[in-house]
Amino acid sequence: MSLLGYIKKIAAKRMMKVDALFTYPVDKQIEFLKRFPEPKNDLERSYFQYRCQIQRAPRADFWIQNLGSIPLLALYWIKIPKSLRKKNVDDTDLLFFQNGISDSILPNSITKSGKKIVSCNYEDALLLTREDRAFLRLIWKKHPFDFYFLLKILVKVAAYSAQMSIYNPKEFLVSSEYSFTSSILTQYVEFRKCIHTNIMHGEKLFTISDAFVRFSRFIVWDEHYIQLFSSLRADKSQFQVEIPPALRFRLKVSDKRYYLKYYLSDESETDLIRIAELLKKLAERGKAVAVRPHPRFSDINMVKQIFNGIEIEYKTVDIEESILSCEYVAALFSTVLNQAYFNGIKIVIDDYSNPEKYEKLKQMNYLMMSKEHEILSNIVIR
């Protein structure tokens, strides 16, 4: 694994521990968001988004992260090459920074356009040309002591620059509205006469981590998300609505083998115990039930222990087949509920395992609350 890969892995684990999605009150987020003036340019958009994100993090974590970025900044500045050996590669139309995301999120307007699409990862190649370094120095002058902010921008610019050198794409496809680097990368890409397109790939709630973002265009699943991002002061001119194959399945399964399947995320042990108790009650009434762990967030050993006697479905079962085999799909909040809804499967929002989180979802502008749905506590008393 590359140094960048290790950094991302460590950061992802730390983010899971300190994430404030349900602990940072919405009213305080709104109040903090109002403190910022209207951004004058894309650098300000990125910096304001960065400020919003560090507002959610513990102070100790921020200082460790910021000071720890200093040697990495120096290392990458020296290590990243100023030129790449030219490869015998034709120019491409679309460059998709995939990084583990399924290409089923790409809407038909892209996949059926006849344009050549090349997929890659951010860490595949890095390049900082003389012009790139001049661009980064200007940012450094504006924010000389925000080392983590500078490090992330440096690495992303290097990734984009390398792919421009190799493929000379006309358009970049990403799913990175959560990244504070996105707006300044839009400026960088557009200056190079390219388009920077962001594609929604997972459920979104009101959180200032996504504030102020701008792309050349931003493809979302529903008009609801335009309103949501606009309330987060994202640029309003960037949005278009399209439903990708990831939401509207081509596969058809008529055999509803399961009455209810629960899709886990990052529940606590206490929440898992309550979910297991509920599923066992349904099973005792002769209902076919199952639980599916989250591929990244779930502790598999804990799930096996708590859901002893309940069928556990793993990611080896295709997600489309998994969802379509159910009469009801249940979760607290998850993209799986969107997928079920768009394919005619009844959805159940979990108000049972953690009622406090359920109430907070109402404040966070959760789309599925406005769609036809059941609540889990009603399912169990039927």
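Quick note: numbers below take in every heavy atom, side chains included, and nothing from hydrogens, waters or symmetry partners.
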Residue pair Ile110, Lys115: steps toward the side-chain contact (heavy atoms from CB on, under 4.5 Å) verdict: CA-CA 8 Å; Ile110 290 175; Lys115 296 179 178 179; over 6 Å; no
Test log, rule salt bridge (Lys or Arg N to Asp or Glu O under 4.0 Å), inputs Lys116 and Asp93: CA-CA 5 Å; Lys116 181 182 177 183; Asp93 297 305; over 6 Å; no
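Closest approach of Val303 to Ser298, counting heavy atoms only: CG2-CB, 4.3 Å.
Tyr225 and Leu173 fall into different hydrophobic clusters, where Ile, Leu, Val, Met, Phe, Trp and Tyr residues are linked whenever their side-chain heavy atoms come under 4.5 Å apart, directly or through other members.
Between His196 and Phe218, the gap from one ring centroid to the other reaches at least 6.0 Å. A distance of 6.0 Å or more separates the ring centres of Phe342 and Phe249. With ring centers used as reference points, Phe333 lies under 6.0 Å from Phe22. If you look at Phe212 and Phe36, their ring centroids are closer than 6.0 Å.
In this structure, NZ in Lys82 is found 5.5 Å from CZ in Arg133, a value given to the nearest 0.5 Å. With rounding to the nearest 0.5 Å, the separation of CD1 in Ile208 from OG in Ser231 is 12.0 Å.
Note on ring orientation: taking the six-membered ring where Trp is involved, the planes of Tyr47 and Tyr50 are tilted (angle from 30° to 60°). Using bins of under 30°, 30° to 60° and over 60° for the plane-to-plane angle, the ring pair Phe172/Tyr160 lands in the tilted bin.
Cation-pi geometry between Arg274 and Tyr352 is met: the NZ or CZ atom falls under 6.0 Å from the ring centre, inside 45° of the normal.
Of the candidates Val348, Val336, Ile275, Val329, Tyr262 forms a side-chain contact (heavy atoms from CB on, under 4.5 Å) with just one, namely Ile275.
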